[in-house]
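Here's the structure, in structure tokens; my notes come after.
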2 protein chains.
Amino acid sequence: MSGHAAVKSLQRGELAERTGCNIETVRYYEKIGLLPEPPRTSGGHRAYSSSHERRLRFVIRARELGFSLDEIRELLRLAEERDRPCAEARIVAAAHLQDVRAKIADLKRMERVLKEVVAQCGDGTLPECPLIETLYREPVAK
Amino acid sequence: MSGHAAVKSLQRGELAERTGCNIETVRYYEKIGLLPEPPRTSGGHRAYSSSHERRLRFVIRARELGFSLDEIRELLRLAEERDRPCAEARIVAAAHLQDVRAKIADLKRMERVLKEVVAQCGDGTLPECPLIETLYREPVAK
DNA sequence: ATACGGGCTGTAGTCACTACAGGTTCAAGA
DNA sequence: TCTTGAACCTGTAGTGACTACAGCCCGTAT
């Protein structure tokens, strides 16, 4: 028995079902070259092996961490090269961590303002809505 | 003098320059009906009035708070109706605040994991990269 | 009079999917 | 064996919020 991991192939949406990933999304990943093209049955249906599943799970988990598909492509390349990928992978992840922190900061700014205006609106019976006034107000009111 | 705010019209990208909004974006907002079509010069150039600027600033500030263009459309409608808009505007803002908080929670989860794996990678000289292993690892390892 | 910087329209590209339309295959039941 | 119907197949178009371009026209300064 070789190491080709062709023990059992998954069909009828089993891959999608097992991973929780939409089948359309799996095919999209294949189309953009993130997943390899699986072998086909005589009728043309895709027959995935466990190595496909493993790679798909990698992609899914990386997406859950917010990596872009291009970053994931890079991470997969590094993972396969097996030539000291850790330093480079760390750079990709650290850059992404910076992005995530910047997004959190942006959203927290939004949250603070939104919380304030919603509170100012109170029960919504004010004649002049503070939310609308805030949006109309010039940044530097004279 | 009427209340039409046609005191001076802005041309040659002045509106974009004054608001910091890309001129292409302004035209996009006009195309999707978020901003009214301004009158034109004899040559077909757009001549904005201060009411256009006011409305554009509303959109820009709402975008800064993360509202979608559809939500902004609704807020603008409420702002113009002047028929007790506060309660309804508050609902829009409160729903959006929920969205923002959910996004913050998602991003914080990502941040926590990313911070951990980057720390585990250390100086990047490990033979097995913890980041890549984390991505390959099954959610429920046996 | 002419140059050229900016406006004009309309289309296509971005990202990461998602949703069809219109056809084919497969596995289970009769 | 035949039939049914679900699930697969390909390819295209739509989403949101822009951004970038091509190819043309206008307007102002020299």
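This one's a predicted model, so the numbers in the text were calculated from it and none came from an experiment. A note on names: the letters A, B, ... follow the listed sequences, proteins ahead of strands, and every chain is numbered from 1.
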Please report the distance, rounded to the nearest Å, between [atom1] in [X] and [atom2] in [N].
X         : N       : atom1 : atom2 : value
Ile23(A)  : dA6(D)  : CD1   : P     : 16 Å
Lys103(A) : dC15(C) : NZ    : C1'   : 11 Å
Ile32(A)  : dT14(C) : CD1   : P     : 12 Å
Glu30(B)  : dA17(D) : CD    : P     : 18 Å
His45(A)  : dG23(C) : NE2   : P     : 16 Å
Arg63(B)  : dA17(D) : CZ    : C1'   : 6 Å

Candidates [options] - which lies nearest the side chain of [X]:
X        : options                   : value
Ser42(A) : dT10(D), dC26(C), dC17(C) : dC26(C)
Tyr28(A) : dA17(D), dC17(C), dG7(C)  : dC17(C)
Thr25(B) : dG7(C), dT25(C), dC18(D)  : dC18(D)
Lys31(A) : dT12(D), dT11(C), dG27(D) : dT12(D)
Tyr29(B) : dC18(D), dC8(D), dG6(C)   : dC18(D)
Thr41(B) : dT19(D), dG27(D), dC26(C) : dG27(D)
Ser68(B) : dA17(D), dC8(C), dC17(C)  : dA17(D)
Glu24(B) : dT19(D), dA17(D), dC9(D)  : dT19(D)
Arg40(A) : dA17(D), dC9(D), dC26(C)  : dC9(D)

Closest-nucleotide 5' rank along DNA chain C - winner of Arg27(B) and Leu69(A): Arg27(B)
Modelled atom types, side-chain donor and acceptor of Asp123(A) and Thr125(A), under 3.5 Å: yes
Asn22(B) vs dC18(D): side-chain N/O to OP1/OP2 distance below 4.0 Å: no
Phosphate-side-chain proximity, Arg46(A) and dC9(D), N/O vs OP1/OP2 below 4.0 Å: yes
Minimal non-hydrogen separation, Glu53(B) against Thr19(B), with atom names: CG-CG2, 4.2 Å
Minimal non-hydrogen separation, Glu111(A) against Ile104(B), with atom names: OE1-CD1, 3.9 Å
Arg112(B)/Glu116(B) salt bridge by N-O under 4.0 Å criterion: yes
Sugar-phosphate, base or nothing in reach of Phe67(A), heavy atoms under 4.0 Å: nothing
Face-on cation placement of Arg54(B) at Tyr136(A) ring, 6.0 Å and 45° thresholds: yes
